[in-house]
Amino acid sequence: MDRQVAALCGGVIDLHTEADLRSKLARSLQENRPLRIKLGADPTAPDIHLGHAVVLTKLRQFQELGHRVIFLIGDFTARIGDPSGKKEMRPMLDEAAIAENANTYTKQVFKILNPDQTEIRFNSEWMGKLNAAGVVSLAANMTVARMLERDDFEKRYTEGRPIGIHEFLYPLVQGYDSVALEADVEIGGSDQLFNLLVGRELQKSHGQEPQVVMTVPLLEGIDARFENGKIVGAKMSKSLGNYVGIEEAPEAQFGKLMSISDPLMWRYYRLLSGKSSTEIDAMQKGVEEETIHPMAAKKGLAHLLVQRFHSPEAADRAQQDFETRFSKREIPTDLPEFEIEATVDDGAGLIHILREAKLASSGKEARRSCQQGAVRIEGEKITDPNYVLTPGSQVVVQVGRRKMARITVIAKS
RNA sequence: GGAGGGAUUCCCGAGUGGCCAAAGGGGGCAGGCUGUAAACCUGCUGCGGUAUCGCUUCGGAGGUUCGAAUCCUCCUCCCUCCA
């Protein structure tokens with residue numbers, strides 16, 4: 001029992017309350033009834049990445065202890081269109097789009113969760129039935145003072161920045177979901193703490209036992225840096241481009257993970273690897289004492305994660321690709337291939353080729369790269385932007401260390 | 001409802017008639033060093049097949065002017081203060 005609690009609380013930021021968790025676990029064991037662990041998800045962004053994986057990994061731990069995950073898709077909320085990020089004027093999604101998103105979403109989620117122990121629900125099921133009177137009586141469970149306890153609301157309030165009334169409604173809707181689902185535990189990112197706690201209150205006022213609330217940290221993106229003993233960086237998100245998607249190619253995932261800064265690696269280990277903290281501590285100590293090379297530790301992390309999202313074989317291949325490409329600086333075997341038609345009689349110019357093969361986004365950029373000595377053809381540095389490849393040439397063209405392609409020049413038609 | 005402030009390139013932010021494709025910083029890319037880590041040094045960073053040239057860009061549409069990111073008019077959006 002203590003071991004279970006310790007494992008489940010690893011990497012958790014907030015826990016309300018440990019006593020509740022213990023009594024629920026104890027009863028679950030006694031009655032042989034799995035706990036219902038809720039996770040709310042927004043179906044607007046169907047691509048899931050390592051940031052989402054943190055909370056999913058935690059849920060997976062619950063499943064391994066025999067509990068049941070309720071994966072709640074906030075389709076009702078999405079249909080209304082959360083206006084808080086009004087910069088982009090988020091479009092209201094229609095039912096078909098939501099269903100499709102939900103589909104791709106769940107498919108990805110099952111790379112981490114066990115489908116047999118997962119229930120997928122949609123909150124339109126009960127929210128759609130809640131009329132105006134229902135909403136008002138729901139709102140009656142909450143006071144403005146209580147709402148203003150939420151950090152970001154309080155901050156905005158004191159700074160005189162606007163708070164929409166509807167923003168008060170979202171935590172209530174989310175909390176009501178917990179009532180409808182009779183959740184035993186709800187997990188979310190640490191920014192969700194307030195919303196999750198509202199769930200507790202609403203359950204109490206509906207005569208239910210309040211859910212246990214757990215929050216996990218928001219994972220920093222792969223571009224996070226280490227300054228003054230702290231990891232500094234925005235959270236992982238698709239829009240910032242600092243993410244590793246769980247559906248990305250093994251090589252891409254491996255490469256991205258290898259590029260994270262050393263201190264960040266430990267963070268990823270702790271939040272995503274599923275390894276025990278004693279094991280990770282030992283490894284970290286090994287690196288500090290220089291008995292383990294940091295790069296080896298990082299390869300271990302990358303391999304582990306690629307393996308989880310793809311397969312052991314894919315992870316091996318990704319690692320090999322990484323090593324030939326970057327450690328040995330050899331040309332890997334599987335390169336993107338392009339056939340490029342000559343533009344003038346004696347062949348195709350280098351600038352043209354770089355652009356066609358997507359090795360440069362514009363002619364200007366191609367020229368620049370070339371003049372800076374980044375371009376190699378068959379391993380030989382080419383600094384003349386006017387270099388021409390004759391028809392029939394089959395060569396490997398590289399721009400910098402990362403971009404390369406196999407090019408065949410065909411005669412002008 | 002009233003008063004005022006603002007919108008500049010990927011981001012922040014200078015620029016109030018020509019010297020502006022637009023300072024500076026961030027980010028990004030490339031080179032050196034290396035472990036595709038960090039730190040550091042250097043170069044580049046709107047587009048056009050090589051460009052003392054051309055084109056597009058300073059919220060949108062018009063206008064003034066030999067010449068507009070800069071001045072005028074209208075419009076859109078954002079913010080602050082008062083009610």
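Keep in mind the model is a prediction, meaning the values are calculated, not measured. Residue numbers start from 1 in every chain, and the chains themselves are labelled A, B, ... in the order their sequence lines are given, proteins ahead of strands.
Defined by atom type and a distance below 3.5 Å, a donor-acceptor pair is present between the side-chain atoms of H310(A) and Q253(A). If you check the side chains of R329(A) and Q398(A), you find no donor sitting under 3.5 Å from an acceptor. One side chain, K58(A) or Q61(A), offers a donor N or O that lies under 3.5 Å from an acceptor on the other. In this model, a donor atom of one side chain and an acceptor atom of the other lie less than 3.5 Å apart for Q174(A) and N195(A).
Rounded to the nearest Å, the gap between the C1' atom of G49(B) and that of C10(B) is 26 Å. Separation of the P atoms belonging to A83(B) and C72(B) is 31 Å when rounded to the nearest angstrom. Here the separation of A21(B) from C44(B), taken at their C1' atoms, is 15 Å to the nearest Å. Look at the P atom in both C77(B) and G27(B): the space between them is 35 Å, to the nearest Å.
Rounded to a whole Å, the CE atom of M265(A) is 11 Å from the C1' atom of G35(B). In this entry the distance linking CZ of R325(A) with C1' of U36(B) reads 11 Å, nearest Å. A straight line from CG of N242(A) to P of C11(B) spans 17 Å, rounded to a whole angstrom. We find that CG of D262(A) is positioned 12 Å from P of U36(B), with the value rounded to whole Å. In this structure, I382(A) places its CD1 atom 18 Å from P of A30(B), rounding to the nearest Å. In this structure, the CZ atom of R402(A) is 9 Å from the C1' atom of C29(B), given to the nearest Å.
Judged by distance alone, with hydrogens and angles left aside, R368(A) brings no side-chain donor or acceptor close enough to the base of U45(B) to form a pair under 3.5 Å. Between the base of G31(B) and the side chain of Q372(A) there is no donor-acceptor pair shorter than 3.5 Å. The base of G27(B) is not paired with the side chain of D223(A) by any donor and acceptor separated by under 3.5 Å.
Here S362(A) lies in heavy-atom contact (under 4.0 Å) with sugar-phosphate atoms only. Using a 4.0 Å heavy-atom criterion, one finds that G400(A) contacts the sugar-phosphate atoms exclusively. At a threshold of 4.0 angstrom between heavy atoms, the contacts of G363(A) are confined to the sugar-phosphate backbone, with no base atom among them. Here I260(A) lies in heavy-atom contact (under 4.0 Å) with sugar-phosphate atoms only. Residue P294(A) is in base contact, counting any heavy-atom pair closer than 4.0 Å across all strands shown.
Nearer the 5' end of RNA chain B, as judged by each residue's closest nucleotide, is the contact made by A374(A), out of R329(A) and A374(A). Taking for each of K403(A) and R355(A) the nucleotide of RNA chain B with the nearest heavy atom, the 5'-most of the two is the partner of K403(A).
Looking at Y268(A) and I222(A), their side chains come closer than 4.5 Å, going by heavy atoms from C-beta outward.
Proximity of R401(A) to the phosphate of G32(B): a side-chain N or O atom is located under 4.0 Å from OP1 or OP2.
The nucleotide U9(B) finds no pairing partner, because no Watson-Crick or G-U wobble arrangement with both distances shorter than 3.5 Å includes it. As the counterpart of C47(B), G54(B) is assigned, both hydrogen-bonding distances of the Watson-Crick or G-U wobble pattern falling under 3.5 Å.
For the atom pair CZ of F76(A) and CG of N123(A), the computed distance is 7.5 Å after rounding to the nearest 0.5 Å.
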